[in-house]
Structures are given as structure tokens and as C-alpha cells.
Enquirer: 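Submitted below is the structure of interest, expressed as C-alpha cells.
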2 protein chains.
Amino acid sequence: MDALKNKILNEGYALSSEVVKVDSFLNHQIDPIFMMEIGKEFHRLFIDDKIDKILTIEASGIAIGSFVAYQFKKPLVFAKKTKSRNLDKETYCSKVFSFTKQITSDIQVSKKYINKGENVLIVDDFLANGKALNGLIDIVEQAGANVAGIGIVIEKGFQPGGEEIRNKGYKLESLAIIKEMDKDHIVFED
Amino acid sequence: MDALKNKILNEGYALSSEVVKVDSFLNHQIDPIFMMEIGKEFHRLFIDDKIDKILTIEASGIAIGSFVAYQFKKPLVFAKKTKSRNLDKETYCSKVFSFTKQITSDIQVSKKYINKGENVLIVDDFLANGKALNGLIDIVEQAGANVAGIGIVIEKGFQPGGEEIRNKGYKLESLAIIKEMDKDHIVFED
């Protein structure tokens, strides 16, 4: 998605060879008009996959997921990272390690909100090592639902998550794949 | 907002005299078409307040905030509850106690994303004791910006947050105010 690559180059920057800052529009401040364009692009990419539900994980996946869900006119469900006394007792649960936060957490989805046989589109802002994504796939499959597609805004192509997921046969579409980066440059895959 | 009150009565339920479950459309599963209607309603209520920016707090405020921001065509910023090594060093910070999760946390917003003199509309899913909301107000005021309005989806009118905030002179609009509830009933204020 050229508009995304341009926005990353114009508004984002590489903090190091591993961390790209896009918090002006994607994961701290949100540009809602641009996010709706991202929603439309995922709708275009997965329109033939009979999507019943969108699944993401709190927190920064929720904005993207909201606009994707709006385009599909289907519900968004977001996995929760923290225990809340208000969450249902009956949940699907998976363990996820976050490199960004250096903690392992249980992610949970109430059993009420993913049903057997549903076609689920998983979306998230970033794909690097794929830990969060594998947790979401695990939850969909525990529910007996289908991972009908995976939509990622920015994939770090130099980290192993994307290749591992594609090798397992999932339909993974990333709107921008960073091949390499460092403090003065960001290079995308074609 | 009658459509919201009906949705709470039809899809939600009171778990006790203090906890109302609306996770089928508001804070775990999200109904994006309905959320866009909520966005339009807040836009109608605050259209004269020259809003420059929408501010909310992760996680369940992000979906509402996204649709409100889309209606205003202005950026959404969400305060972060957890430390991330990718967050800027320069942040506005406030301490917030969560009754739901029984923990005190620092909430933070990068100084880049709230500017002096901006008119900020704060939005959130719930208002009960007002702890999170007071943290967000504190952050806006630390930045020298104006709390131009506060939009809440569901206010628990029997808890003190709303009255305290209104008594301080803020323009607070709640789309549904629950006067009282218990396992078999939910009563709204008119």
C-alpha cells in the first residue's frame, strides 16, 4: 500500500535497526481518515474470504480492527491482556511473550464471542516475531473457528514471524513489509 | 441516546448492583455500525466546541475514540497504561486507580501529541468513580490544553464521578446514565 509506505517515510522513523516509530498515526496518536483507508484496503484484500468476525488484541490493534470491522460490517473482538473481574469466567486463553514489554501474559477471549465454524480475520498493527499473532491463531483454533485471513499493517520482514506464518499455509497480507532499516533509512520489500 | 439505552437493555445485563455487562457491543466485542452512530452523536453534541483532538485511554476507549475522531476528522490520542520501551521519554503522566482491576497505574501520553491551547474532547466507555477521567483531565491541563468537552457512553449515576466532574464546571455529556440497577433491572435517568 503505497500511501502507507509514504506515510511511514514521511511521519515515521527508525529508532534503531529493530524499532520503527509510527506513533504519530498508528499506535499512540491515530489518524482516523488514514485508518479508514487501511480498513478499506483490508476489505479489498479479504472480501472473498466470507469473513464473519474480526479479531485483534488490545491495545493498538483496536483502532485498526475498528475500521476494518466497519468496512466488513461485522463485529470486532479484541483479546484482553489483563485479567479483569468483569471478564467472563469461560474464556479461550493463550500465553504470549511481548518483546516490546518483556513480559509473558495470558491473552483471553470470552467463549461467547468466537463460535465454531466462523471465518475469522485476524488484524494487528505489527508483525515481528509473531508471538501475539500465534496466540490469536491458537485462540481461533481452540474455538473450532477458521483463520480465514491475517491482515498486518507493518511487517518487519527481517524478523521470522511472517515467514513462519506463511509456511504454515495461512493467508497473510501485510500492507508494508520492511526489508531493513536503521537510523537514517527504511527500505521496503516490493 | 435511546438507541443506546435499548441496546443496553436488549444485549447487556446487570451482573450486580454495580457492574453492567455490555461486552457484546462496547468493550470486548465491538459493534462497529453502532459505534459509528455513537461517534455521530458525540459529534453532534460537541460540534460547536472547536475540537482539535480526541483523547481516550487504552484499551476499551480506543474503539469509541476511533469513531468519534473519524466524525470530527481530527486525531485520536490514547493514553497508555503500561510502560513500553518504545514510548517517548518525554510524557505527561498521571496516577490512576482502577476499581475494576484493583491496581494503581501511571497513565502516560507523549508530550508530542497534546499541544498548548488545543481544544481536547475526552471520551471513554464508562464513568463511575471518575479516576481514569480525572487522570486524563490532569494530562490535558499539564499540557496547557483545554478540556473542551467530555463524552461518556455509559455513566453510573449512582457513583460519584459524574457529579464531581460537573461540579468542577466541565461540559460532560453521557449518552446513557444508569440511575440504579440490580440483577433483574436497569433504570436510566431521563
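This structure is a prediction, so every number in the text was calculated from the model and none was measured.
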Enquirer: Restricting to non-hydrogen atoms, name the atom on Ser66(A) and the atom on Pro32(B) that form the minimum distance, rounded to 0.1 Å.
Expert: O-CB, 4.1 Å
Enquirer: Determine whether more than 12 heavy atoms belonging to other residues, nucleotides or ligands lie under 6.0 Å from atom NZ of Lys111(A).
Expert: yes
Enquirer: With heavy-atom distances below 4.5 Å as the criterion, would you say the side chains of Tyr70(B) and Phe67(A) are in contact?
Expert: yes
Enquirer: Could you tell me which portion of Ser98(A) (side chain, backbone, both or neither) has an atom closer than 4.5 angstrom to a non-hydrogen atom of chain B?
Expert: neither
Enquirer: Check the hydrophobic clustering (I, L, V, M, F, W, Y; side-chain heavy atoms under 4.5 Å; chains of links allowed) and say if Ile177(B) and Phe158(B) are grouped together.
Expert: no
Enquirer: Within a reach of under 6.0 Å around NZ of Lys131(A), are more than 12 heavy atoms found that belong to other residues, nucleotides or ligands?
Expert: no
Enquirer: Identify which part of Lys112(A) has an atom lying under 4.5 Å from any heavy atom of chain B, answering side chain, backbone, both or neither.
Expert: side chain
Enquirer: So which of Asp31(B), Ile30(B), Asn27(B) has the biggest tally of heavy-atom pairs under 4.5 Å with chain A?
Expert: Ile30(B)
Enquirer: Output the residues of residues 33-56 of chain A for which the shortest heavy-atom distance to chain B is under 4.5 Å, in residue-number order; output 'none' if no such residue exists.
Expert: Ile33(A), Met36(A), Lys53(A)
Enquirer: So if you build clusters from Ile, Leu, Val, Met, Phe, Trp, Tyr with side-chain heavy-atom gaps below 4.5 Å, do Val20(A) and Val187(A) land together?
Expert: no
Enquirer: Does Val77(B) offer a backbone N or O that forms a donor-acceptor pair with the side chain of His28(A) under 3.5 Å?
Expert: no
Enquirer: Give the member of Ser60(B), Ala79(B), Gly65(B), Ser24(B) that has the highest number of heavy-atom pairs under 4.5 Å with chain A.
Expert: Ser24(B)
Enquirer: Please say whether more than 12 non-hydrogen atoms of neighbouring residues, nucleotides or ligands are located less than 6.0 Å from CD in Glu163(B).
Expert: no
Enquirer: Among all residues two or more places apart in sequence or in another chain, which pass the ring pair (Phe, Tyr, Trp, His ring centres under 6.0 Å) test with Phe78(B)?
Expert: none
